[in-house]
Engineer: 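Sharing a structure below in structure tokens format, with a few things to ask.
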Amino acid sequence: MTSLPLVFDAPKRGLPPRHLADLSTAQRRDAVAELGEKPFRAAQLSTHYFGRLTADPAAMTDIPAAARDRLASALLPPLLSPVRHVTCDDGDTRKTLWRAHDGTLLESVLMRYHDRTTLCVSSQAGCGMACPFCATGQGGLQRNLSTAEIVDQVRAAAAAMRDGELGEPGRLSNIVFMGMGEPLANYRRVIDAVHRICDPAPDGLGISQRSVTVSTVGLVPAIRKLAEEGLSVRLAVSLHTPDDELRDTLVPVNTRWKVAEVLDAARLYADRTGRRVSIEYALIRDINDHPWRADLLGKLLRRHLGQLAHVNVIPLNPTPGSKWDASPKPVEREFVRRVNAAGVSCTVRDTRGQEIAAACGQLAAEG
Ligand code: SAH
């Protein structure tokens, strides 16, 4: 495997101190041994954090106080503190604004549906991809999140569901990397986070890989690398238009990797994993909602992916000050009809969190 270009390797600036959730099971054992503690303390810590979903050393009373202090200061530094929670959709959607150790702000959104509960997680604070319709893209990248900062968003949400903070107690079942940031631009940490999220408890949080979605603007070398990781997570590609001319402006990284290359990489991913790829399409009035674009999208996807694509149309969620708006419903319906007519499955994504700026692309740091 060739090494990835620098864009995937942003500096460690601002990352928090090492945390239990940064480490694999073997690394946790080593770390505990280096502290002069008994190796089984690693399993105890993991059972508390991943199994009982607690990050608070004071609750880990089966570990003697002196050992607990040593272990906690080396492996459980405080990572994220909630600044506030905001709820909407009759209590079924909750956005949390978090403050990291260095004051960086980030957000995650918990969405309860009748058959599942999904957490939308951030992989970076801000985003460097500069898509003009996305609020996060306007502020630029502040920094990558550490593996543990990603995992801790999930741990906290799983605990909130268990404890009935979003209605009846329930189980967090699905994770989408569709919060702030470009997950494949923070590649290693995101992959490690997927392992921590999906490994069975007490090694990890025990969420099925098939219920995790990694969404990308289309960083082709990283998609190709992801295809070889042996994971079965779903890949979502934010396409937003089938033609390079418009995509160069809507998803600026398209000037580097063109639509056809992105779809070929998506095909490789589908072939390696046997999983259908989601194609994300934010429908923007008079910008990318034309019948000919629907036809071209259908044709391209049939050619590159056949039955291995599913298009999610997302009604544009206008960001403050933007001149763009969602397409009228009849235009949206016609768009979906044409993609389906080309033999490609296509549905409209349910939008959540509109009133609390928790909808797609609105996870900007002002919260
Ligand atoms: N960087 C990744 C993941 C974050 S965004 C990516 O781009 O895929 C998750 C999805 O929300 C992406 O498809 C993104 O294009 C879309 N999105 C961003 N802003 C939006 C907006 N204002 N309205 C609708 N969808 C938006």
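Remember, predicted model here, so these are calculated numbers, not experimental data. In each ligand, atom 1 is the first atom listed, and ligand 1 is the first ligand listed.
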Engineer: Just jot down the ligand 1 atoms closer than 4.0 angstrom to any heavy atom of Gly179, in number order.
Structural biologist: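 Taking each heavy atom of Gly179 in turn, ligand 1 has 4 (C) under 4.0 Å.
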
Engineer: Output yes when the distance from some N or O of ligand 1 to some N or O of Phe133 is under 3.5 Å, and no in every other case.
Structural biologist: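 Indeed, backbone or side chain, Phe133 has an N or O that close.
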
Engineer: Assess the side chains of Ser46 and Arg28: does a donor N or O sit below 3.5 Å from an acceptor N or O?
Structural biologist: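 Their side chains do contain a donor-acceptor pair, which is all the 3.5 Å distance test asks for.
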
Engineer: Does Glu182 have a non-hydrogen atom less than 4.0 Å from ligand 1?
Structural biologist: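 Heavy atoms of Glu182 do come under 4.0 Å of ligand 1.
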
Engineer: Is ligand 1 under 4.0 Å from a heavy atom in the side chain of Val237, in the backbone, in both, or in neither?
Structural biologist: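 Near ligand 1, Val237 shows nothing, with every heavy atom at 4.0 Å or more.
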
Engineer: As a check for students: among Val253, Asn317, Val121, identify the option with a heavy atom nearest to atom 22 (N) of ligand 1.
Structural biologist: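 Among Val253, Asn317, Val121, the closest heavy atom to atom 22 (N) of ligand 1 comes from Asn317.
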
Engineer: Relative to the heavy atoms of Thr216, which atoms of ligand 1 are at a distance of less than 4.0 Å?
Structural biologist: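 Matching atoms, with element in brackets: 6 (C), 8 (O).
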
Engineer: Would you indicate which of Pro318, Ser238, Ser215, Pro315 comes nearest to atom 7 (O) of ligand 1 when only heavy atoms are counted?
Structural biologist: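 Residue with the shortest heavy-atom distance to the ligand atom: Ser238.
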
Engineer: Would you say Asp350 and Tyr113 make side-chain contact, with heavy atoms under 4.5 Å?
Structural biologist: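 Of all side-chain heavy-atom pairs linking Tyr113 with Asp350, at least one is under 4.5 Å.
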
Engineer: Give the atom numbers and elements of ligand 1 that come within less than 4.0 Å of a heavy atom of His240.
Structural biologist: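 Taking each heavy atom of His240 in turn, ligand 1 has 13 (O), 14 (C), 15 (O) under 4.0 Å.
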
Engineer: With the side chain counted from C-beta on, respond yes when Ser215 and Val176 share a heavy-atom pair under 4.5 Å apart, and no when they do not.
Structural biologist: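 SC-SC contact between Ser215 and Val176 ruled out.
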
Engineer: Would you check if Leu268 and Ile223 make a side-chain contact, meaning some heavy-atom pair closer than 4.5 Å?
Structural biologist: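 No; the side chains remain at least 4.5 Å from each other.
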
Engineer: Report all side-chain donor-acceptor pairs from residues 161-170 shorter than 3.5 Å, counting only partners two or more places apart or in another chain.
Structural biologist:
from: Arg162; atom 1: NH1; to: Arg52; atom 2: O; distance (Å): 2.8
from: Glu165; atom 1: OE1; to: Arg94; atom 2: NH1; distance (Å): 3.0
from: Glu165; atom 1: OE1; to: Arg94; atom 2: NH2; distance (Å): 3.2

Engineer: Can you confirm whether more than 12 heavy atoms, excluding those of Lys299, are under 6.0 Å from its NZ atom?
Structural biologist: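 Counting other residues, nucleotides and ligands, NZ of Lys299 stays at 12 neighbours or fewer.
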
Engineer: Report yes if some heavy atom in the side chain of Val32 is under 4.5 Å from a heavy atom in the side chain of Leu75; otherwise report no.
Structural biologist: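 Heavy-atom side-chain distance check passes, below 4.5 Å.
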
Engineer: Please could you name the atoms of ligand 1 that Phe177 approaches to less than 4.0 Å, counting only its heavy atoms?
Structural biologist: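 It comes down to these atoms of ligand 1: 3 (C).
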
Engineer: Where on Met178 is there a heavy atom closer than 4.0 Å to ligand 1, on the side chain, on the backbone, on both, or on neither?
Structural biologist: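 Both backbone and side chain.
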
Engineer: Give a yes or no on this: more than 12 heavy atoms of other residues, nucleotides or ligands lie within 6.0 Å of atom CZ of Arg349.
Structural biologist: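 Yes, the 6.0 Å shell around CZ holds more than 12 heavy atoms from other groups.
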
Engineer: Can you classify the ring geometry of Phe133 versus Trp324 as parallel (below 30°), tilted (30 to 60°) or perpendicular (above 60°)?
Structural biologist: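 Judged by the thresholds at 30° and 60°, the geometry between Phe133 and Trp324 is tilted.
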
Engineer: Counting non-hydrogen protein atoms only, what is the nearest one to atom 19 (N) of ligand 1? Give residue, atom name and distance.
Structural biologist: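 Heavy-atom neighbour on the protein nearest atom 19 (N) of ligand 1: Gly361 CA, 3.2 Å.
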
Engineer: Atoms of ligand 1 less than 4.0 Å from Cys134 heavy atoms?
Structural biologist: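 In order of number, 18 (C), 19 (N).
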
Engineer: Only heavy atoms of Gly181, strictly under 4.0 Å: list the atoms of ligand 1 that pass.
Structural biologist: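 Selected atoms, number and element: 1 (N), 2 (C), 3 (C), 4 (C).
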
Engineer: Do any side-chain atoms of residues 330-337 form donor-acceptor pairs under 3.5 angstrom with protein atoms, and if so which ones, sequence neighbours left out?
Structural biologist:
from: Glu332; atom 1: OE1; to: Lys329; atom 2: NZ; distance (Å): 3.0
from: Glu332; atom 1: OE2; to: Lys329; atom 2: NZ; distance (Å): 3.1
from: Glu334; atom 1: OE1; to: Arg337; atom 2: NE; distance (Å): 3.0
from: Glu334; atom 1: OE2; to: Arg337; atom 2: NH2; distance (Å): 3.0
from: Glu334; atom 1: OE2; to: Arg338; atom 2: NE; distance (Å): 2.8
from: Glu334; atom 1: OE2; to: Arg338; atom 2: NH2; distance (Å): 3.4

Engineer: With a cut-off of 4.0 Å, which atoms of ligand 1 are near a heavy atom of Glu280?
Structural biologist: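 Counting from 1, the qualifying ligand atoms are 13 (O).
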
Engineer: Just need the protein heavy atom nearest to atom 25 (N) of ligand 1, so name the residue and atom and give the distance.
Structural biologist: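 The protein heavy atom lying closest is Cys360 CB, 3.3 Å.
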
